Amino acid sequence: MNRCALITGITGQDGSYLAELLLQKGYDVHGVIRRSSTFNTQRLDHLYQDPHDAAARLFLHYGDLGDGSRLVTLLDKVRPDEVYNLAAQSHVRVSFDEPEHTADTVAVGTVRLLEAVRMVGITPRFYQASTSEMFGSTPPPQCELSPFAPRSPYAASKLFSYWITKNYREAYGLFAVNGILFNHESPRRGETFVTRKITRAVARIKAGLQKDLYLGNLNSVRDWGYAPEYVEGMWRMLQAAEPADYVLATGIGHTISEFLEAAFGHAGLDWRDYVRFDQRYVRPTEVDALIGDATKARVDLGWSPTVHALELAKIMVDADIAALEHEGTQWVDSVPLESWPPSSRTRELVGQ
């Protein structure tokens with residue numbers, strides 16, 4: 001029988017890349033999606049298989065980290081070998097506006113999922129998506145032994161999830177790990193995140209569809225990597241002999257202004273002609289610099305990144321320029337556009 005994985009947050013950037021990776025490795029993949037009046041499955045459309053086909057290996061189910069009883073039902077039905085908890089309110093700036101919602105989804109949601117695993121009585125390997133934001137004001141480089149100093153409701157909520165995952169590992173013997181991932185981006189990144197906001201603006205400005213780009217602090221230093229490489233690291237963590245927590249990072253930091261230089265310069269533009277400051281995008285408490293040390297992952301897991309920030313900026317600009325050339329299409333990546341099914345067909349994937 002195929003190995004089976006359950007992914008929360010499967011419709012997000014990381015969830016879609018992880019689903020691709022696991023399908024390539026022969027897994028049956030089950031994803032949890034929230035019920036809404038519209039379908040947010042664009043990142044998964046190219047993975048579509050008719051559920052009536054006996055060869056189908058991707059299955060979507062309605063569920064929410066706010067509904068513990070539904071999580072119990074799903075886990076009992078699917079009985080996965082691996083669980084990847086990627087779902088979250090993941091925008092740091094938004095977490096200041098919606099701290100309660102962020103805490104309920106990110107912190108308490110993790111407890112609900114872990115407790116559902118325990119109540120059903122299964123023993124899957126469990127991956128918790130932690131974040132470099134937990135380090136906050138701790139000076140770089142940051143590794144697994146660096147002290148945490150969260151500077152946002154999002155980071156504080158993720159820190160709770162980090163510790164509760166360790167607690168379930170120690171208290172109940174669950175194979176549970178925290179992946180402390182530094183910033184990782186791609187053409188599938190949400191449009192409100194700064195890297196995608198920049199590369200999408202470059203494409204639109206180049207095409208004459210936009211005049212200005214409004215941003216906040218341009219001096220923040222971040223360690224940006226390529227999302228497809230990071231989901232490989234997630235999978236490797238769950239294949240280890242013993243559960244442990246790992247940092248994934250490139251070890252190279254760049255300012256937002258340097259990312260702007262690479263992105264606009266790739267399109268033959270000078271970012272200084274288009275970028276404007278907007279106070280609304282400044283965090284009440286800023287994180288100045290996040291640069292990770294992934295030595296442990298390199299030694300224990302054999303994981304190391306190959307794509308770094310300035311190359312990543314060019315990849316994302318090229319993808320956003322290509323997207324504008326295909327009206328109504330956002331997720332270009334490397335999938336032939338003519339092979340994609342209509343988005344509406346994904347509704348057939350959703351189990352009740």
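Everything numeric here is computed off the predicted structure, so don't read it as measured data.
Judged by a 6.0 Å distance limit and a 45° cone about the ring axis, Arg188 is positioned over the six-membered ring of Tyr17.
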Original post:
Please walk me through it: do Arg200 and Glu191 pass salt bridge (charged side-chain N to carboxylate O under 4.0 Å, His left out)?
Top reply: CA-CA 8 Å; Arg200 186 169 181 268; Glu191 295 174 3; 3.5 Å; yes
**OP:** Decide side chain to side chain contact (heavy atoms under 4.5 Å, CB included) for Ile7 and Leu22; before the verdict, give the C-alpha distance in whole Å, the side-chain angles of both, and the deciding distance to 0.1 Å.
**Re:** CA-CA 10 Å; Ile7 304 172; Leu22 295 179; 4.1 Å; yes
**OP:** Step by step, work out the side chain to side chain donor-acceptor pair (under 3.5 Å) result for Ser161 and Thr110.
**Re:** CA-CA 6 Å; Ser161 295; Thr110 301; 2.9 Å; yes
Subject >> Working for salt bridge (charged side-chain N to carboxylate O under 4.0 Å, His left out), residues Lys197 and Glu185 >> reply: CA-CA 11 Å; Lys197 185 175 179 179; Glu185 319 295 318; over 6 Å; no
**OP:** Report the C-alpha distance between Arg272 and Glu261 in whole Å, list the side-chain angles of each, state the deciding distance to 0.1 Å, and finish with yes or no for side chain to side chain contact (heavy atoms under 4.5 Å, CB included).
**Re:** CA-CA 9 Å; Arg272 297 168 187 82; Glu261 184 74 42; 3.3 Å; yes
**OP:** Could you go through the side chain to side chain contact (heavy atoms under 4.5 Å, CB included) check for Leu113 and Phe126 one step at a time?
**Re:** CA-CA 10 Å; Leu113 186 57; Phe126 185 95; 3.8 Å; yes
Original post:
Under the side chain to side chain donor-acceptor pair (under 3.5 Å) criterion, do Glu229 and His184 qualify, and how do the steps go?
Top reply: CA-CA 9 Å; Glu229 296 184 331; His184 46 289; over 6 Å; no
Subject >> His61/Lys77 under side chain to side chain contact (heavy atoms under 4.5 Å, CB included): CA gap, chis, key distance, verdict >> reply: CA-CA 11 Å; His61 310 270; Lys77 176 182 178 181; 4.1 Å; yes
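Heavy atoms only, all atoms of each residue included: Val117 and Leu75 are closest at N-CD1, 3.6 Å. Smallest separation of non-hydrogen atoms from Arg112 and Gly68: CD-N, 4.0 Å. Considering every non-hydrogen atom in both Asp223 and Ala249, the closest pair reads OD2-CB, 3.4 Å. Contact detail for Ala88 and Val106: the closest heavy-atom pair is CB-CG2, 3.8 Å. The two residues Ile198 and Ala263 have their closest heavy-atom pair at CG2-CB, 3.8 Å. In this structure, His254 and Trp224 approach most closely via the heavy-atom pair O-CZ3, 3.5 Å.
Of the possible donor and acceptor atoms, none in the side chain of Thr250 sits under 3.5 Å from a partner among the backbone N and O of Gly225. A distance-only check finds a donor-acceptor pair linking the side chain of Ser152 to the backbone of Ala155 [under 3.5 Å]. Using modelled atom types, no side-chain atom of Arg151 and backbone atom of Ser137 make a donor-acceptor pair closer than 3.5 Å. Checking side-chain atoms of Arg196 against main-chain N and O of Arg189 turns up a donor-acceptor pair under 3.5 Å. At least one donor-acceptor pair closer than 3.5 Å links the side chain of Ser16 to the backbone N or O of Gln13. Here the side chain of Arg283 pairs no donor or acceptor atom with the backbone of Asn217 at under 3.5 angstrom.
Between Thr199 and Phe259 the shortest side-chain heavy-atom distance falls below 4.5 Å. Taking the side chain as every heavy atom from C-beta outward, Thr285 and Phe96 approach each other to under 4.5 Å. Side-chain contact between Arg34 and Thr11 is absent, with no heavy atoms from C-beta onward closer than 4.5 Å. Within the 4.5 Å cutoff, the side chain of Leu209 has heavy atoms near those of the Leu324 side chain. Taking 4.5 Å as the limit, every side-chain heavy atom of Arg236 sits out of range of all side-chain heavy atoms of Tyr246. Between Ile180 and Gln142, every side-chain heavy-atom pair lies at or beyond the 4.5 Å cut-off. Two residues are said to be in side-chain contact when any heavy atoms from C-beta on lie closer than 4.5 Å; Leu47 and Val29 fail this criterion. With contacts defined as side-chain heavy-atom distances shorter than 4.5 Å, the pair Pro187/Met316 qualifies.
When Asp245, Val247, Thr131 are each tested for a side chain to side chain contact (heavy atoms under 4.5 Å, CB included) with Asn178, only one passes: Asp245.
Hydrophobic clustering keeps Leu310 apart from Val202 (ILVMFWY residues linked when any side-chain heavy atoms are closer than 4.5 Å, directly or through intermediates). Criterion: ILVMFWY side-chain heavy atoms under 4.5 Å apart, direct or through other members. Under it, Val78 and Leu58 are not part of a common hydrophobic cluster. Both Tyr172 and Ile164 are members of a single hydrophobic cluster when ILVMFWY side chains are connected at heavy-atom separations under 4.5 Å. Trp271 and Ile256 fall within the same hydrophobic cluster, defined by Ile, Leu, Val, Met, Phe, Trp and Tyr side-chain heavy atoms under 4.5 Å apart, directly or through other members. There is a path of hydrophobic side-chain contacts, each under 4.5 Å, that joins Leu71 to Ile122.
With a 6.0 Å radius and a threshold of 12 heavy atoms from other residues, nucleotides or ligands, Lys314 has its NZ atom at or below the threshold. Annotation: Arg276, atom CZ; neighbour count of heavy atoms from other residues, nucleotides and ligands within 6.0 Å is above 12.
With rounding to the nearest 0.5 angstrom, the CG atom of Leu181 is 9.5 Å from the CG atom of Leu86. In this structure, CG on Leu174 lies 8.5 Å from OG1 on Thr165, to the nearest 0.5 angstrom. If you take CZ on Phe175 and OG1 on Thr123, they are separated by 11.5 Å, rounding to the nearest 0.5 Å. Note that OG of Ser257 is 12.5 Å distant from CZ of Phe264, once rounded to the nearest 0.5 Å. Atom OG in Ser95 sits 13.5 Å away from atom CD in Glu100 (nearest 0.5 Å). Rounded to the nearest 0.5 angstrom, Asp81 CG and Leu238 CG are separated by 11.0 Å.
Aromatic ring centres of Trp235 and Tyr84 lie farther apart than the 6.0 Å criterion allows.
Contact check on Glu115 versus Arg118 returns a salt bridge, with a Lys/Arg side-chain nitrogen under 4.0 Å from an Asp/Glu carboxylate oxygen. Note on Glu82 versus Lys25: no salt bridge recorded, every NZ/NE/NH1/NH2 to OD/OE distance being 4.0 Å or above. Using a 4.0 Å cut-off between a side-chain N of Lys or Arg and a carboxylate O of Asp or Glu, Arg93 and Glu133 do not qualify as a salt bridge.
Using a 30° and 60° split on the angle between ring planes, Phe148 and Tyr162 fall in the perpendicular class, above 60°.
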